Amino acid sequence: MWGPAPRVTQHLSQRQSQENCSCVFLMAVGVQGEQETSAQKTFSTGLNPEPSGCGQWYKTLNHSDFKSLDIHIFLYIIPAGMNAAVRAVVRVGIYTGAKVFFVHEGYQGLVDGGDNIRPATWESVSMMLQLGGTVIGSARCQDFRTKEGRTKAACNLVKLGITNLCVIGGDGSLTGANQFRTEWSELLADLVKAGKITAIEAKSASHLNIVGMVGSIDNDFCGTDMTIGTDSALHRIIEIVDAITTTAQSVRYFKVLEKILLGLVCLVSSYLALVTALACGADWVFIPEMPPDDGWEEHLFRRLTEQRGRGTRLNIIIVAEGAMDRQGKPITCDHVKQLVSKKLGFDTRTTILGHVQRGGTPSAFDRILASRMGVESVMALLEATPETPACVVSLSGNMAVRLPLMECVQVTKDVTTAMAEGRYDDAVKLRGKSFENNWNTYKMLAHVRPPEAKSNINIAILNVGAPCSGMNAAVRSAVRTGLLQGHQMLAVHDGFDGLAHGIIEPIGWSGVAGWTGKGGSFLGTKRSLPQEFMEKISLSITKFNIHAVIIIGGFEAFLGGLQLVQAREKYEELCIPLVVVPATVSNNVPGSDFSIGADTALNTITMTCDRIKQSAAGTKRRVFIIETMGGYCGYLATTAGLAGGADAAYIYEEPFNIHDLELNVEHLVEKMKTTVKRGLILRNEKCNANYTTDFIFNLYSEEGKGVFDCRKNVLGHMQQGGTPSPFDRNFGTKMGMKSVLWLTDKLKECYRHGRIFANSQDSACVLGMRKRALVFQPLAELSEQTDFDHRIPKTQWWLKLRPILKILAKYKVSLDISEKTAMEHVIKKRGLVNQ
């Protein structure tokens, strides 16, 4: 079962043929590999080499294939909560046969050399995933800004045989690395002239390759949807905002939050301010990319007054550092506070968050992102040739992509230029599609006065299946978007039961106030399917004059939507547009890579695993067996295993037998001989009917007797509850809004002869995230891609993460997958760079 291995690049054999080649990964860690003097090795994969810049999964590769690689690997990491990336690069580097070193204290350690460059081992990166910051330190380095300092750094690299760098940092760190690469030949010539290196050494290190990962809480580096560390910062911020909310709900006053985001000087962290505004339902957000229109003060006063008139006890205003008006005058936290207090006479308080945003335990998303980027960076460097441009490994939607480093830096600088020239719309677009979508979502939901003109359209919204965090955020967004379109929104309580029995009522703007940060389902939800009472449902649709339906839920929502579509032939009342919004911790709804609620559940499991591992670290020689939810879908077990550093994760999608269990026990027995004397095993609840959690616990206990003892923990329904994570709040908000806008357009298409009639396949869709975009896919088409017996899609993207999980757990495994990671061009995608 632990057969597949991680991807190894197609150009390995080409890299082996280069004399004295070496790889440097500049990130939050430093690593150096020692070159071996073996002959060039050709892999019998039947694959033809492709142009540099593309990654290719070999069709059959084993761990032993790496034994004779001629690779020097040096990883140097400039950190921003990057321990997961450190761990991934170190372990994948060691897996490929490289010798890995830490470079302590960032660029300063690179300049100083000596003890700052130390060997890294497999065990040295254990128990790092749950730690914030970086375990190897980081420091600002003025020396590296000078040519003399860069010459010293070059000398240290040449002496160690290092010619490739992987850098983790912001645009300043990445720009510095690229400058280092550009000057490389000149630096080598100076060193030879000064007699510090020989001509032979200079020839063996004739070129320098660079791959970057962006580590910054600001998420202001163009070309990537999320930088490593951003999601963790959002977790800290939302925790504080939620704490303020509970206090302010009892005491009537305004709260003004200012984001003081230290770090990069050139750009401000508008992303955190904007996403926080969406996640907490803020009344106003000030960001430098889009200054408020002239006269914004009166608009703000009017909005706050109207909110108070509706009984709102809390108003939140978010101010990003660097915010300004159209004339360039700064808008500060104190300025807004004085305006509100003086004009409206309200008691206004200020909270400055400061460095609390940088600390804390990394979120599950950041750990998985950093691990994926770390592996991809190693692959990129192994493929690199002297002609390969410096690239950045980043995230686009749900895909890892490679982008030219300096193109990303250029577009990032163009944002500042656009703001300085007053081209604010261009500035927002240059920030990227994710930022632009967030801004458009905020602009729509920030309105508080629905239009007076009504559309005479009634849209029903209901929750179906098990509850999960983020459902309420989706309902709130859908209701308010519908009201802004002039529709009447109808709340259906208790799922399809409520739709059948007429438990339906209109819901207004204030009816969903404060729902974004609440877990569970305020509408109520049941697992009942519509086929039980289809006739009653058709009568309710007629009685309440329902023109469209939004179904928010898990696999039952998908199945219920299909049943409604199939019943259209018998019940004409069901010929109305409908959309299914995936919301389940299991993440098993066909048509979407992610479901609302899955991220919150994943974080719950990950934090529990952290505490369990901490317990095991104290007692030594202990293995924990953890059972996760998910039905037959192994998403939670796999991703929690990657985020929590599990030794194995058993899932239904990857069958296993008693021999595999025996191998896993032997693996743990060997692990107990090292300095890491603990183990973590995850089991999906329905991975196997016979190999139950109790069976695995008893097997491990018996076979590990005298070497380690076992404990088990069934997490249960705690995975469905809790406060929604920032991702689930934001995701649910976008999905709710997009579903209503789609229905509005679809209703116009389906209006015939004075009534709504929708019977085409594309009038009943699932709204889901597919790779890089939110897309609508007909239910009928998705039914062909579904395993109904096991309630899972036939194809699931996250299965490609399992090789990474296994390699990082030190399994000698092979891989049989084919996938490309191509170099893309961010300037061509944006199309807005200054001429």
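Residue numbers run from 1 in the order of the sequence given. If you're wondering where the values come from, they're calculated on a predicted model, not measured in any experiment.
Taking CZ of F727 as the start and CE of M226 as the end, the distance is 8.5 Å to the nearest 0.5 Å.
When side chains are defined from C-beta on, N603 counts as touching S363, because their heavy atoms get closer than 4.5 Å. Side-chain contact between V241 and I316 is present, with at least one heavy-atom pair separated by less than 4.5 Å. At least one side-chain heavy atom of P590 sits less than 4.5 Å from a side-chain heavy atom of F555. In this structure, the side chains of L578 and I550 stay at 4.5 Å or more apart for every pair of heavy atoms. Residues L642 and I804 have side chains in contact (heavy-atom distance under 4.5 Å, counting atoms from C-beta outward). At a threshold of 4.5 Å between non-hydrogen side-chain atoms, the residues I368 and L602 count as touching. Residues V549 and I551 have side chains in contact (heavy-atom distance under 4.5 Å, counting atoms from C-beta outward).
Although no hydrogens or angles enter the test, the distance criterion places a donor-acceptor pair under 3.5 Å between the side chain of S477 and the main chain of M737. Judged by distance alone, with hydrogens and angles left aside, the side-chain atoms of T692 form a donor-acceptor pair with the main-chain N or O of F695 at under 3.5 Å. Judged purely by atom type and a 3.5 angstrom limit, R683 uses its side chain to pair as donor or acceptor with the backbone of N688. A donor-acceptor distance shorter than 3.5 angstrom exists from the side chain of T227 to the backbone of S216, with no hydrogens or angles considered. The backbone N or O of A279 sits nowhere less than 3.5 Å from a side-chain atom of N730 that would complete a donor-acceptor pair. The main-chain N or O of M82 is never found under 3.5 Å from a side-chain atom of R87 such that the two would form a donor-acceptor pair. Checking side-chain atoms of S269 against main-chain N and O of D218 turns up a donor-acceptor pair under 3.5 Å. Between the side chain of D593 and the backbone N or O of K771 there is at least one donor-acceptor pair closer than 3.5 Å. Not one N or O on the side chain of D283 forms a donor-acceptor pair closer than 3.5 Å with the backbone of I317. Side-chain atoms of T525 do not come within 3.5 Å of backbone N or O of S521 as any donor-acceptor pair.
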So L234 and Y271, side chain to side chain contact (heavy atoms under 4.5 Å, CB included) or not? Walk me through it. CA-CA 10 Å; L234 284 170; Y271 181 87; 4.2 Å; yes
Evaluation steps, side chain to side chain contact (heavy atoms under 4.5 Å, CB included), between N83 and L129: CA-CA 6 Å; N83 289 323; L129 283 171; over 6 Å; no
Go through E654 and K806 one step at a time and tell me if the salt bridge (charged side-chain N to carboxylate O under 4.0 Å, His left out) criterion holds. CA-CA 13 Å; E654 197 171 87; K806 296 166 190 177; 2.9 Å; yes
May I have the step-by-step check of side chain to side chain contact (heavy atoms under 4.5 Å, CB included) for L805 and L801, ending in yes or no? CA-CA 7 Å; L805 168 64; L801 298 180; over 6 Å; no
Output, in order, the C-alpha distance, side-chain angles, deciding distance and verdict of side chain to side chain contact (heavy atoms under 4.5 Å, CB included) for Q777 and V775. CA-CA 6 Å; Q777 300 159 92; V775 295; 3.6 Å; yes
The test is salt bridge (charged side-chain N to carboxylate O under 4.0 Å, His left out); show your working for R678 and D647 and say whether it passes. CA-CA 10 Å; R678 57 189 171 274; D647 295 279; over 6 Å; no
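For N588 against C633, the heavy-atom pair with the smallest separation is CB-CB, 3.8 Å. The two atoms that bring D599 and F365 nearest to each other are OD1-CB, 4.2 Å, heavy atoms only. The nearest pair of heavy atoms linking V464 to A557 is CG1-N, 3.8 Å. Looking at every heavy atom in both residues, F731 comes nearest to S595 through CE2-C, 4.1 Å. Residues S540 and L499 approach most closely at OG-O, 2.7 Å, considering heavy atoms. Counting all heavy atoms, side chain and backbone alike, G554 lies closest to V589 at C-CG2, 3.6 Å.
Ring centroids of W797 and F594 are separated by less than 6.0 Å, placing the two rings close together. Between F533 and F496, the distance separating the two ring centers is not shorter than 6.0 angstrom.
Side chains of Y650 and N664: a donor on one and an acceptor on the other come within 3.5 Å. Under 3.5 Å, the side chains of R367 and Q130 contain no donor-acceptor pair of N or O atoms. Inspection of the E653 and H790 side chains reveals no N or O donor paired with an N or O acceptor under 3.5 Å.
Using a cut-off of 4.0 Å between Lys/Arg side-chain N and Asp/Glu carboxylate O, R791 and E556 are scored as salt-bridged. Ion pair D497/K526 flagged as a salt bridge, since at least one NZ, NE, NH1 or NH2 atom sits closer than 4.0 Å to an Asp/Glu carboxylate oxygen. With salt bridges taken as basic N to acidic carboxylate O contacts below 4.0 Å, none links E627 and K712.
At least one cation-pi condition fails for K686 and Y652: the charged atom is not both under 6.0 angstrom from the six-membered ring centre and inside a 45 degree cone around its axis.
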